[in-house]
Q: 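Below: one structure in structure tokens.
As the structure lists them, so they are numbered: ligands from 1, and atoms in each ligand from 1. Numbers here are sequence positions counted from 1.
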Amino acid sequence: MVQRISFRLFIFIFMAAALVIGTGVALYWRQVSHILERDVKTHVAAAGEEAAADFNRLIQTDQQILESIALTVEDTYPWADPRRLTEFLKRQTQHNYFKLLGVITENGSIHLSSPYEFSPSFLADVKARTLEEGHYLSVRQADPVDGEDVLVQSAAIMQDGRPVGALFALQQPERYRPLLALSAMGNKGYSMVVQSDGVPVLGYYKTSFSNVFDLLSHADFDEDITISGLRSSVQNREHFLVGYQASTGHRFLHFIPLQINGWYLISALPTTFVAQQAQHLTWLSFLLFISVFVIFFALIFYILHMRDYSNRQLFNTAFVDQLTGADNFNRMCEQFPEKLAALNGQAALVIFDINKFKVINDLHGYERGNQVLQRVARVLREDLSPDESFCRSTADNFILLLKYTDRKSFRGRIHNLATQLRRDCTVADSCLMIDVAFGVYEVKENIPFYIMLDRAHLALENAKKRSFDKCQFYDDSDRKRIVAEKQIENTMEAALDHGDFAVYLQPKCDFATGQMRGAEALVRWNRMSEGIVRPDDFIPIFEKNGFILRLDMFILESVARLLAAWQVKGLQTVPVAVNFSRLHLNDARYIPQMLRLVNKYNVPHEMIEVELTESVIFNNLTRAQDVITRLHNYGFSVAMDDFGSGYSSLNVLKSLQFDSIKLDKEFLAGFEDNPHAHKVIEGAVSMIKSLGIQVVAEGVETRDQADFLRQTGCDLAQGYFFSRPLPIEQFETLLKPASPQQP
Ligand code: C2E
Ligand code: CA
Ligand code: CA
């Protein structure tokens with residue numbers, strides 16, 4: 001999901017950036033072209049103006065030079081020595097870079113710096129114009145020697161205030177050509193000099209047209225410009241710039257009036273120059289853009305990559321179990337609804353853990369323990385289909401979400417899985433077999449994940465208790481039981497404080513006479529909601545949470561108080577047996593507490609009998625031995641309860657000094673139809689009696705039982721046949737008044 005978003009984001013940013021950059025380049029291109037065009041116009045204008053100024057200056061300078069030479073020439077008038085004059089002209093030509101200098105005298109004779117052929121009309125024209133105007137400037141087209149256009153300039157030679165001749169010069173073309181080259185424009189453009197009527201005067205190249213206006217008459221001007229408009233602008237001596245589309249491409253023309261002869265300097269520049277410049281610049285910019293673009297995307301890519309990487313890292317720490325590489329519990333929680341939906345609700349949530357996993361760690365080290373867990377994950381990975389999932393939640397605890405159809409096939413699958421785990425996960429060279437217990441919750445209701453998990457846990461607890469069939473399914477009664485247990489735990493303290501626990505007494509009777517010889521105190525809980533509750537429903541819970549220690553002492557105190565009260569009431573008391581949980585055996589406060597309570601009511605110790613169950617004694621023989629001895633020392637008698645219900649060992653009877661033994665009611669069960677049972681009971685009773693221990697038969701319900709037990713030699717009977725456990729008031733009615741003390 002994260003990756004998909006990143007990729008889409010990346011594509012989006014890429015497209016957006018490409019669009020922005022593309023538009024940027026296009027706009028930039030346009031802008032640069034505009035700026036360059038404007039720039040070029042300015043440059044063309046400036047270069048033109050400069051060329052015009054230079055041209056004007058050159059003409060003026062040459063005119064001054066010519067005039068100063070004319071002054072010298074005047075001095076040698078009337079040029080009696082023509083050779084000297086010719087020599088002088090020759091020298092001046094060399095000094096001043098003229099191509100040629102010549103003098104035309106008033107009477108028409110000619111002196112030249114070097115031999116040259118001129119048409120008489122040209123000479124006549126120069127002489128006439130110079131003598132008339134004082135100077136002359138024109139173009140001599142097609143120099144007869146080299147065919148080039150040359151500039152002809154002249155100054156009058158004066159004598160006594162009157163012109164006597166004309167000094168003229170032919171300009172070297174190199175003098176003005178550089179001015180027409182527009183070198184500032186990278187030699188892309190050129191200039192020319194035209195007359196105001198458009199007839200070309202000088203060009204950088206040899207002009208092949210007769211009139212610039214005719215040339216432009218077909219031009220496609222950028223603006224609304226007509227040839228007559230151009231002509232009048234020239235007539236008005238305006239500076240202006242026009243752009244037009246020539247057959248060879250777009251050009252600019254800059255018109256600048258010169259100070260001589262009404263001439264114009266026209267500078268022309270092809271716009272391709274501008275385009276080339278713009279292109280050059282734009283390419284550079286484009287390269288720059290591309291570099292920025294590439295760097296930008298490399299950066300974005302890097303950032304996305306890093307984000308992706310850190311996301312993956314985060315994901316791994318948050319959702320992956322580092323040891324097995326499997327999902328962890330958080331991942332399972334997060335994905336559960338999705339995964340469950342994928343199985344169409346036909347699923348079971350399974351929890352399993354390895355029995356005594358701690359032992360593997362302790363015996364073989366954590367390394368081996370980890371190996372086992374990794375193998376478990378591998379087996380699960382192979383076993384599960386793609387729509388199923390699993391996670392390691394804690395230590396050796398795995399949670400699985402599996403497909404489920406019916407209990408029978410599911411049980412089969414779990415069985416196979418257990419076999420595979422046992423086979424593949426047992427650590428080599430270890431004798432420890434992997435044994436796994438499974439708790440299964442069949443998903444039936446739409447309940448939160450954690451509740452399903454609780455239920456699977458409950459089933460797992462049950463499974464762990466079994467020695468075989470370690471796959472248990474959750475049963476709702478388990479939950480109800482647990483809820484009831486919880487309720488009991490929540491109310492027990494208050495019940496003890498409110499006196500909701502009561503003592504019932506069940507008589508122990510003499511077989512022979514039927515007379516009551518003693519009684520057993522049995523606890524009852526008067527619960528408002530349920531009435532009187534029997535101990536089997538709460539004693540096991542109190543044994544688990546330790547509350548039994550307090551309850552037993554409460555019963556003992558009640559019994560002691562009763563015994564004392566009977567004495568006061570003048571009733572014949574009988575010894576009362578009190579049941580003590582196995583937990584007391586390990587409690588150092590047991591006997592001191594007992595003594596304190598019994599002594600508090602001044603009850604003779606022999607009136608109290610302690611009942612300890614057979615299983616307690618069997619489990620902790622030496623401790624039991626110690627406690628029994630001490631109880632005897634304080635004068636209490638001790639009975640072994642529930643003899644024959646568990647793993648009775650006659651050896652126990654030999655080691656411990658019981659005063660009486662209570663045959664469990666199960667011992668009697670079904671004895672009527674079983675001749676072997678008769679023998680066993682008879683044998684047990686005679687054996688116990690032979691040890692000098694009193695025998696009490698519990699759960700005597702019928703006359704037949706009573707008759708048989710009496711015959712076996714049992715001493716006392718306790719059972720519904722004689723009396724049910726009775727509330728105190730009822731029990732007291734059975735007590736006879738004490739016979740008056742014999743003096
Ligand atoms: P238990 O010590 O073996 O007590 C005898 C149980 O057998 C009593 O059940 C009694 O009501 C029942 N019983 C008596 N005669 C007959 C009969 O003819 N037929 C049948 N079927 N049952 C008969 P109760 O009172 O429900 O007590 C159950 C167990 O709870 C007791 O077994 C005892 O182990 C335990 N318990 C009762 N009170 C206390 C107590 O104050 N402290 C401790 N630690 N355990 C107690
Ligand atoms: Ca008992
Ligand atoms: Ca019993």
Side-chain angles (χ1 to χ4, degrees), residues 488 492 495-496 500-509 511 516 518-526 530-560 562 575-587 590 593-594 597 608-617 637-646 648 658-671 694-706 708-709 714 716-728 730-731:
I488 285 175
M492 62 191 189
L496 190 65
D500 294 344
F501 291 103
V503 176
Y504 273 47
L505 292 165
Q506 189 177 31
K508 294 179 185 174
C509 301
F511 269 114
M516 180 163 61
E520 180 181 3
L522 295 162
V523 67
R524 295 290 180 268
W525 186 352
N526 190 359
E530 297 157 58
I532 304 293
V533 184
R534 296 277 293 263
D536 286 340
D537 293 342
F538 55 85
I539 297 279
I541 301 168
F542 293 172
E543 292 215 302
K544 265 193 263 172
N545 63 27
F547 186 65
I548 193 67
L549 295 175
R550 287 173 60 196
L551 184 66
D552 284 351
M553 288 303 163
F554 170 79
I555 299 294
L556 176 70
E557 184 166 6
S558 305
V559 167
L562 266 179
V576 180
V578 178
N579 293 285
F580 284 98
S581 160
R582 60 190 165 88
L583 296 191
H584 292 287
L585 244 61
N586 295 318
D587 186 0
Y590 171 49
Q593 258 180 350
M594 223 185 129
L597 290 177
I608 301 288
E609 193 178 12
V610 172
E611 285 195 16
L612 297 171
T613 60
E614 179 208 59
S615 57
V616 174
I617 297 150
S637 57
V638 183
M640 181 204 262
D641 203 356
D642 301 339
F643 180 83
S645 65
S648 303
F658 285 110
D659 302 288
S660 60
I661 283 190
K662 299 182 81 179
L663 299 186
D664 192 74
K665 44 187 177 289
E666 293 304 312
F667 207 60
L668 293 178
F671 88 101
Q694 195 181 40
V695 182
V696 182
E698 273 190 309
V700 183
E701 290 181 341
T702 63
R703 180 174 292 280
D704 287 350
Q705 287 174 342
F708 166 70
L709 288 163
C714 264
L716 294 177
Q718 187 183 341
Y720 298 166
F721 181 68
F722 295 93
S723 172
R724 286 185 168 265
L726 301 170
I728 286 155
Q730 272 189 47
F731 182 84

Q: Please state which part of Asp641 comes within less than 4.0 Å of ligand 1, counting heavy atoms only: side chain, backbone, both or neither.
A: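 Looking at Asp641 and ligand 1, just side chain atoms fall under 4.0 Å.
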Q: Under 3.0 Å from the Ca ion (ligand 3), can any N, O or S atom of Asp642 be found?
A: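 A backbone or side-chain N, O or S atom of Asp642 is under 3.0 Å from the Ca ion (ligand 3).
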Q: Below 4.0 angstrom from a heavy atom of Asp642, which ligand 1 atoms are there? Numbered from 1 as shown, please.
A: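 Here the atoms of ligand 1 in question are 3 (O).
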Q: Might you point out which heavy atoms bring Gly699 and Gln705 nearest each other, and give the distance in Å?
A: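 That closest heavy-atom pairing would be O-OE1, 3.7 Å.
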Q: Going by the atom numbers of ligand 1, which of them fall below 4.0 Å from some non-hydrogen atom of Ser581?
A: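 Those atoms are 44 (N).
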Q: At a threshold of 3.0 Å, where the distance has to be below it, does the Ca ion (ligand 2) have an N, O or S atom of Glu698 nearby?
A: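 No.
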Q: Please report which non-hydrogen protein atom sits nearest to atom 11 (O) of ligand 1, along with the residue it belongs to and the distance in Å to one decimal place.
A: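 Here the nearest protein heavy atom works out to Pro725 CG, 3.3 Å.
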Q: What's the spacing between Glu543 CD and Arg582 CZ if we round to 0.5 Å?
A: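 Spacing of CD (Glu543) from CZ (Arg582) equals 5.0 Å.
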Q: Answer yes or no as to whether an N/O/S atom of Glu611 is found below 3.0 Å from the Ca ion (ligand 3).
A: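 It does not; every qualifying atom lies at 3.0 Å or beyond.
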Q: With respect to Glu520, determine whether any N or O atom, backbone or side chain, lies less than 3.5 Å from an N or O atom of ligand 1.
A: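 Yes, at least one N or O pair falls under 3.5 Å.
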Q: Record the part of Asp536 in heavy-atom contact with ligand 1 below 4.0 Å; permitted values are side chain, backbone, both and neither.
A: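 Just the side chain.
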Q: Do the non-hydrogen side-chain atoms of Met640 and Lys662 ever get within less than 4.5 Å of each other?
A: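 Met640 vs Lys662: side chains apart.
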Q: Which residue holds the protein heavy atom closest to atom 15 (N) of ligand 1, what is that atom called, and what is the gap in Å?
A: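 Answer, as residue, atom name and distance: Gln506 NE2, 2.9 Å.
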Q: With heavy-atom distances below 4.5 Å as the criterion, would you say the side chains of Val695 and Ile661 are in contact?
A: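 No, side chains not in contact.
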Q: Heavy-atom pairs closer than 4.0 Å: do any link ligand 1 to the side chain of Ile555, the backbone, both, or neither?
A: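 It is the side chain that gets close, since no backbone atom is under 4.0 Å.
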Q: Can you classify the ring geometry of Phe538 versus Phe542 as parallel (below 30°), tilted (30 to 60°) or perpendicular (above 60°)?
A: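 Phe538 vs Phe542 ring planes: tilted.
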Q: Scan side-chain atoms only and decide if Glu520 and Asn579 contain a donor-acceptor pair under the 3.5 Å cut-off.
A: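 Present: a donor and an acceptor within the cut-off.
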Q: At a non-hydrogen distance cut-off of under 4.0 Å, which region of Val523 contacts ligand 1 (side chain, backbone, both, or neither)?
A: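 Contact part for Val523 vs ligand 1: both backbone and side chain.
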Q: Where do Leu556 and Ile608 land on the side-chain contact (heavy atoms from CB on, under 4.5 Å) test, with the steps shown first?
A: CA-CA 9 Å; Leu556 176 70; Ile608 301 288; 4.0 Å; yes
Q: Taking the side chain as every heavy atom from C-beta outward, state whether Thr702 and Phe721 have any atom pair closer than 4.5 Å.
A: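 They are not in side-chain contact.
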Q: Apply side-chain contact (heavy atoms from CB on, under 4.5 Å) to residues Val578 and Met594 and explain how you reach the verdict.
A: CA-CA 11 Å; Val578 178; Met594 223 185 129; over 6 Å; no
Q: Backbone, side chain, both or neither: what part of Lys662 comes under 4.0 angstrom of ligand 1, heavy atoms only?
A: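 None of Lys662 does.
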Q: Report the nearest protein non-hydrogen atom to atom 7 (O) of ligand 1: residue, atom name, distance rounded to 0.1 Å.
A: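 Looking only at protein heavy atoms, the one closest to atom 7 (O) of ligand 1 is Lys665 NZ, 3.1 Å.
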Q: Rounded to the nearest 0.5 Å, how far apart are CE of Met516 and CZ of Phe731?
A: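 Between Met516 CE and Phe731 CZ, I get 4.0 Å after rounding to 0.5 Å.
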Q: Please round to the nearest 0.5 Å and tell me the distance separating atom CD of Glu698 and atom CG of Asp664.
A: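 Going from CD on Glu698 over to CG on Asp664, the span is 6.0 Å.
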Q: Can you check which of Glu698, Arg524, Glu611, Glu543 brings a heavy atom nearest to atom 5 (C) of ligand 1?
A: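 That would be Glu698.
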Q: What atoms in ligand 1 come closer than 4.0 Å to a heavy atom of Gly719?
A: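 Every atom of ligand 1 under 4.0 Å from some heavy atom of Gly719: 15 (N), 18 (O).
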Q: Should the proximity of Val578 to ligand 1, defined as any heavy atom under 4.0 Å, be assigned to the side chain, the backbone, both, or neither?
A: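 Looking at Val578 and ligand 1, no heavy atom falls under 4.0 Å.
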Q: Show the atoms of ligand 1 that are less than 4.0 angstrom away from any heavy atom in Val700.
A: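 Answer, ordered by atom number: 18 (O).
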Q: Nearest N/O/S atom of Asp641 with respect to the Ca ion (ligand 2), by atom name, please.
A: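 Among the N, O or S atoms of Asp641, the one closest to the Ca ion (ligand 2) is OD2.
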Q: How far is atom 27 (O) of ligand 1 from its nearest protein heavy atom, and which residue and atom is that?
A: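 Nearest neighbour among protein heavy atoms for atom 27 (O) of ligand 1, to 0.1 Å: Pro535 CG, 3.3 Å.
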Q: With the threshold set strictly below 4.0 angstrom, can you tell me whether any protein non-hydrogen atom sits that near atom 34 (O) of ligand 1?
A: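 No; the ligand atom in question lacks any protein heavy-atom contact below 4.0 Å.
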Q: Thinking salt bridges, do Lys508 and Glu609 make one under a 4.0 Å N-O criterion?
A: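 Here Lys508 pairs with Glu609 in a salt bridge, since their nearest N and O are under 4.0 Å apart.
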Q: Given the Ca ion (ligand 2) as the apex, I'd like the angle to OD1 of Asn579 and OE2 of Glu520, rounded to 10 degrees.
A: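 Rounded to 10°, it measures 90°.
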Q: Please round to the nearest 0.5 Å and tell me the distance separating atom NE2 of His584 and atom CG of Asp552.
A: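 Rounded to the nearest 0.5 Å, the NE2-CG separation comes to 3.5 Å.
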Q: Starting from atom 18 (O) of ligand 1, which protein heavy atom do you reach first, and at what distance in Å?
A: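 The protein heavy atom lying closest is Tyr720 N, 2.8 Å.
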Q: Determine, counting only non-hydrogen atoms of the protein, whether one lies under 4.0 angstrom from atom 41 (O) of ligand 1.
A: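 Under the 4.0 Å cut-off, atom 41 (O) of ligand 1 does have protein heavy-atom neighbours.
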Q: Pull out every atom of ligand 1 sitting under 4.0 Å from any heavy atom of Arg534, numbered as shown with elements.
A: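 Here the atoms of ligand 1 in question are 9 (O), 11 (O), 24 (P), 26 (O).
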Q: Hey, what's the ring geometry for Phe547 with Phe501, parallel, tilted or perpendicular (30° and 60° as the breaks)?
A: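 The rings of Phe547 and Phe501 sit tilted, inter-plane angle from 30° to 60°.
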Q: Please report the shortest heavy-atom distance between Phe511 and Ala697, naming the atom on each side.
A: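 Looking at all heavy atoms of both residues, the shortest contact is CZ-CB, 4.3 Å.
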